[in-house]
Protein chains: 2
Amino acid sequence: MNIKKVAELCNVSVATVSRVINKKGNVKKETEEKILKVIEELNYIPNALARNLSKQESDVIGVVVPDVTNVFYTEVIKGIMESASENNLHVIFYNTDSDMEKEINALKMIKEQRLKGALLISALKKSNKDKKLLKKTLETLDMPLILINKYIDNLPYDGVFTDDIMAGYLLTEALIDNKHSNIAILTGAKNSIVANNRVIGYKNAFKDYNIDIKNENIIYADFNSIENSYKIIKKHFSNKDIPKGIIAGNNNITIACVRYFNERKIKINKDVSLVAFDDIEILNWLGVELTVVSQNPKEMGKEAFNMLFNRINNKSIPINRIHVVPELILRGSEKILK
Amino acid sequence: MNIKKVAELCNVSVATVSRVINKKGNVKKETEEKILKVIEELNYIPNALARNLSKQESDVIGVVVPDVTNVFYTEVIKGIMESASENNLHVIFYNTDSDMEKEINALKMIKEQRLKGALLISALKKSNKDKKLLKKTLETLDMPLILINKYIDNLPYDGVFTDDIMAGYLLTEALIDNKHSNIAILTGAKNSIVANNRVIGYKNAFKDYNIDIKNENIIYADFNSIENSYKIIKKHFSNKDIPKGIIAGNNNITIACVRYFNERKIKINKDVSLVAFDDIEILNWLGVELTVVSQNPKEMGKEAFNMLFNRINNKSIPINRIHVVPELILRGSEKILK
DNA sequence: CTGAAAGCGCTAACAG
DNA sequence: CTGTTAGCGCTTTCAG
């Protein structure tokens with residue numbers, strides 16, 4: 001079934017059928033009604049492939065994500081999907097497992113599919129080699145692209161980012177405000193840009209409040225794995241006094257941390273104050289109500305989609321970078337109760 | 001940049017270029033090398049739209065899911081994506097929020113895009129109207145389609161399903177084996193097919209063990225919402241003795257239930273035995289180690305993809321329906337310790 | 001208001 | 001081993 005058959009059955013030309021499908025007007029009421037009726041009867045659905053090829057553009061966007069099972073990304077994804085569907089756009093997802101090779105490959109596939117645009121949550125680490133490769137791929141991509149979460153310098157793309165430095169600062173300050181001075185931060189891997197920015201915020205707060213920083217209090221766990229983070233935390237704190245203030249660097253690390261504290265019978269508000277990046281709904285449901293800094297992932301997704309939409313519709317607008325203001329949600333876990 | 005330009009630059013015809021792109025052979029080594037070099041230099045990437053239109057088939061499959069933030073589906077999705085990427089297929093996702101209208105719309109869009117096939121996790125409830133509509137949509141879809149999780153009778157589709165009746169039976173039996181006879185099941189909405197099957201398994205076990213079923217022990221909560229389930233549970237159990245045995249009907253209900261027990265200081269293994277459908281990783285990490293029945297969602301995703309792949313490659317193989325055998329994982333929460 | 005026809009970029013049958 | 005050419009199904013310009 002195709003447009004030609006419909007045209008024949010209606011005794012009109014394909015052009016006319018095309019006009020009514022695309023609501024272009026300039027069609028007599030009667031003919032339009034006749035065509036609509038035949039389309040309905042035949043269950044005819046236009047071929048998007050052909051339309052896209054003809055129009056030289058597709059109605060699909062691509063989204064590249066490190067891990068579709070991580071609740072943070074999951075929320076971003078939901079935001080993107082909602083907005084995309086409101087705008088009749090389809091979404092192809094690529095999961096990279098935080099692997100740069102897969103990420104670059106996904107980008108190439110997006111190019112190959114001639115998608116309308118792309119959203120990228122890069123897994124780029126502090127690696128010059130990967131950075132160069134990514135930049136090169138991005139350059140040849142030649143399509144509207146929005147960066148989410150991971151800022152990459154010297155690249156002319158819009159993006160919506162979290163202000164990790166500020167977030168780190170806020171959490172640290174929340175602890176300092178509660179008389180803490182011995183504060184450990186459990187952040188992501190050493191080569192992770194986000195992990196390092198969070199530490200910078202932490203350090204800035206220490207400087208502003210004239211407190212000395214102890215290097216042993218900066219612990220590099222693993223953003224991508226509860227299990228690995230758990231091992232690192234356990235190893236680091238064995239046979240050691242645990243600092244009274246703890247900052248967990250992301251959702252996975254928080255869970256690892258809560259688990260470790262449970263095991264060692266370390267109580268929040270009594271033995272330790274725990275604050276964290278990312279607001280994990282389940283933890284709240286389970287009564288582990290932590291003071292957190294939240295980045296509103298779903299809103300980030302929607303925001304990123306809007307940026308892409310604007311960029312698609314007007315390639316010449318100036319580059320726009322939004323830094324989402326992290327929201328400090330105080331739930332009491334930053335205190336030690338007497 | 002297109003195949004014609006590449007051909008011109010190489011002084012060959014488009015056919016030859018096409019041959020080397022698609023590794024069809026029958027090209028002299030030298031010419032092949034020359035073409036490959038030019039492609040590389042020009043960063044030429046073939047237009048998948050055109051290829052697909054020409055070949056009358058696309059390299060994209062569609063996946064329709066009720067909720068991309070639900071950990072169960074998230075695992076299914078990951079399984080699908082892994083397998084798809086291994087087979088160089090792209091995946092468009094549609095989120096339905098368990099809304100049949102959105103589901104049917106997603107199916108129509110899949111048709112419009114002329115995708116290679118589709119995987120459907122339907123949100124169909126016990127509604128004749130919706131069922132008819134879905135069947136009609138599916139009939140006109142005319143492409144390989146695999147059902148996941150939700151069996152729909154009288155429909156000629158392959159599928160991978162959970163054996164919810166058996167799963168319900170296993171959990172109930174685990175409690176009965178531990179001297180429980182007063183057992184409540186917190187299942188999904190009354191019109192949910194899965195919810196009802198789980199209850200059937202529950203009832204079957206009661207019959208087999210000659211125990212009387214109390215209607216008040218079958219509680220219809222909400223598969224799709226922790227919050228709603230929590231409210232229902234709270235309301236139902238207020239001013240009542242809580243049965244010693246509890247079966248939570250899915251991951252969301254389990255969390256609501258654990259929350260409620262925490263609040264009322266009801267202790268598992270002491271006041272109550274709690275067993276559940278779905279294995280939630282986070283709960284285990286947090287030390288809430290429940291006896292569960294698991295359906296291996298990631299494997300289900302991979303299995304479903306394989307089925308789709310087979311169906312795409314051979315439309316005439318007989319219909320294949322896999323019922324994943326639910327795995328009972330005993331972790332001790334089915335007991336009351338003295 | 002309508003139709004004819006050129007093209008979108010690629011594949012594949014056919015001819016050589 | 002290589003080239004010519006007819007589509008794939010649709011949009012869009014141009015002419016009427």
Side-chain angles (χ1 to χ4, degrees), chain A residues 1-36 38-39 42-60 88 90 108-116 142-143, chain B residues 1-36 38-39 42-60 88 90 108-116 142-143:
Chain A
M1 190 50 50
N2 57 30
I3 200 173
K4 203 171 154 197
K5 294 221 182 90
V6 175
E8 279 165 13
L9 279 165
C10 297
N11 290 317
V12 296
S13 73
V14 290
T16 306
V17 178
S18 175
R19 283 191 193 98
V20 346
I21 290 172
N22 296 293
K23 306 193 175 83
K24 293 255 161 134
N26 289 333
V27 181
K28 213 201 297 171
K29 251 240 157 82
E30 303 167 42
T31 32
E32 173 167 1
E33 277 163 11
K34 185 172 59 183
I35 292 170
L36 251 19
V38 171
I39 286 177
L42 267 57
N43 273 313
Y44 166 69
I45 297 183
N47 183 326
L49 243 36
R51 167 191 291 155
N52 292 338
L53 177 62
S54 175
K55 296 223 276 194
Q56 289 284 68
E57 64 162 30
S58 90
D59 50 358
V60 184
N88 289 314
H90 306 249
K108 284 198 181 141
M109 293 176 107
I110 285 176
K111 166 83 181 204
E112 187 173 320
Q113 296 286 320
R114 298 297 191 274
L115 303 188
K116 210 183 180 73
D142 186 36
M143 75 171 57
Chain B
M1 192 50 49
N2 57 29
I3 200 173
K4 203 171 154 198
K5 294 221 182 90
V6 176
E8 279 166 11
L9 280 164
C10 297
N11 290 317
V12 296
S13 73
V14 290
T16 306
V17 178
S18 176
R19 282 189 193 99
V20 347
I21 291 172
N22 296 294
K23 305 192 174 84
K24 293 254 161 134
N26 289 333
V27 181
K28 212 202 298 174
K29 253 238 158 83
E30 303 168 41
T31 33
E32 174 168 2
E33 276 163 13
K34 184 171 59 181
I35 292 170
L36 250 17
V38 172
I39 287 177
L42 266 57
N43 273 313
Y44 165 69
I45 298 183
N47 184 326
L49 244 34
R51 167 191 290 155
N52 292 339
L53 178 62
S54 175
K55 296 222 279 194
Q56 289 283 69
E57 65 162 30
S58 90
D59 51 358
V60 185
N88 288 314
H90 306 250
K108 284 196 180 143
M109 294 176 107
I110 285 176
K111 165 84 179 199
E112 189 173 319
Q113 296 285 320
R114 299 296 191 275
L115 303 189
K116 207 181 183 72
D142 186 35
M143 75 171 60

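Reckoned from all heavy atoms, side chains included, excluding hydrogens, waters and symmetry mates. Residue numbers begin at 1 in each chain, while the letters A, B, ... track the order of the sequences.
In this structure, the helix from dC1(C)-dG16(D) to dG16(C)-dC1(D) shows an angle of 40° between the axis at its start and the axis at its end, each fitted on 5 base pairs and rounded to 10°.
For S58(B), there are no side chain to side chain donor-acceptor pair (under 3.5 Å) partners at least two apart in sequence or on another chain. Legend: residues meeting side-chain contact (heavy atoms from CB on, under 4.5 Å) with T31(B), ordered by chain and number and at least two apart, are V12(B), V27(B), K28(B).
Nucleotides of DNA chain D nearest to N26(B) and R114(B) differ in position, and the one nearer the 5' end is that of N26(B).
Contact annotation: S18(B) side-chain N/O to dC10(C) OP1/OP2 distance is not under 4.0 Å. Using a 4.0 Å cut-off, no side-chain N or O of T31(A) falls inside it from OP1 or OP2 of dC1(C). Distances shorter than 4.0 Å separate some side-chain N or O of Y44(B) from OP1 or OP2 on dC10(C). For the pair T16(B) and dG3(D), the criterion of a side-chain N or O lying under 4.0 Å from OP1 or OP2 is met.
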Just distance, no hydrogens or angles: give the donor-acceptor pairs under 3.5 Å from side chains in residues 17-24 of chain B, sequence neighbours left out.
unit_1	atom_1	unit_2	atom_2	d
S18(B)	OG	N22(B)	ND2	3.4
N22(B)	ND2	S18(B)	O	2.9

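Summarising the geometry, the separation between CD1 on I3(B) and C1' on dT4(D) is reported as 14 Å, rounded to the nearest angstrom. Between the CG atom of L49(A) and the C1' atom of dC10(D) there is a distance of 11 Å, given to the nearest Å. One can place CG of N52(B) at 18 Å from P of dC8(C), the figure rounded to the nearest angstrom. Rounding to whole angstrom units, CE of residue M1(A) and P of dC10(D) are separated by 10 Å. Between E112(B) atom CD and dG9(D) atom C1' the separation is 13 Å, expressed in whole Å. When the P atom of dT11(D) is taken as reference, atom CG of D59(A) falls 11 Å away, rounded to whole Å.
Applying the 6.0 Å contact sphere to NZ of K108(A) captures no more than 12 heavy atoms from other residues, nucleotides or ligands.
If you check every strand for non-hydrogen atoms under 4.0 Å, N22(A) touches sugar and phosphate atoms only. Within 4.0 Å (heavy atoms only), K5(B) reaches no atom of the nucleic acid at all.
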Produce the list of close N/O pairs, under 3.5 Å, pairing protein atoms with atoms of nucleotides 5-8 of chain D; give distances to one decimal.
unit_1	atom_1	unit_2	atom_2	d
dG7(D)	N2	S54(B)	OG	3.1
dC8(D)	O3'	Q56(B)	OE1	3.2
dC8(D)	O3'	Q56(B)	NE2	2.9
dC8(D)	O2	S54(B)	N	3.3

Polar-atom pairs under 3.5 Å, protein N or O versus N or O of nucleotides 14-16 of chain C: list them with distances, or write none.
none

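Rounded to the nearest 0.5 Å, atoms CZ (R51(A)) and CG (L53(B)) are 13.0 Å apart.
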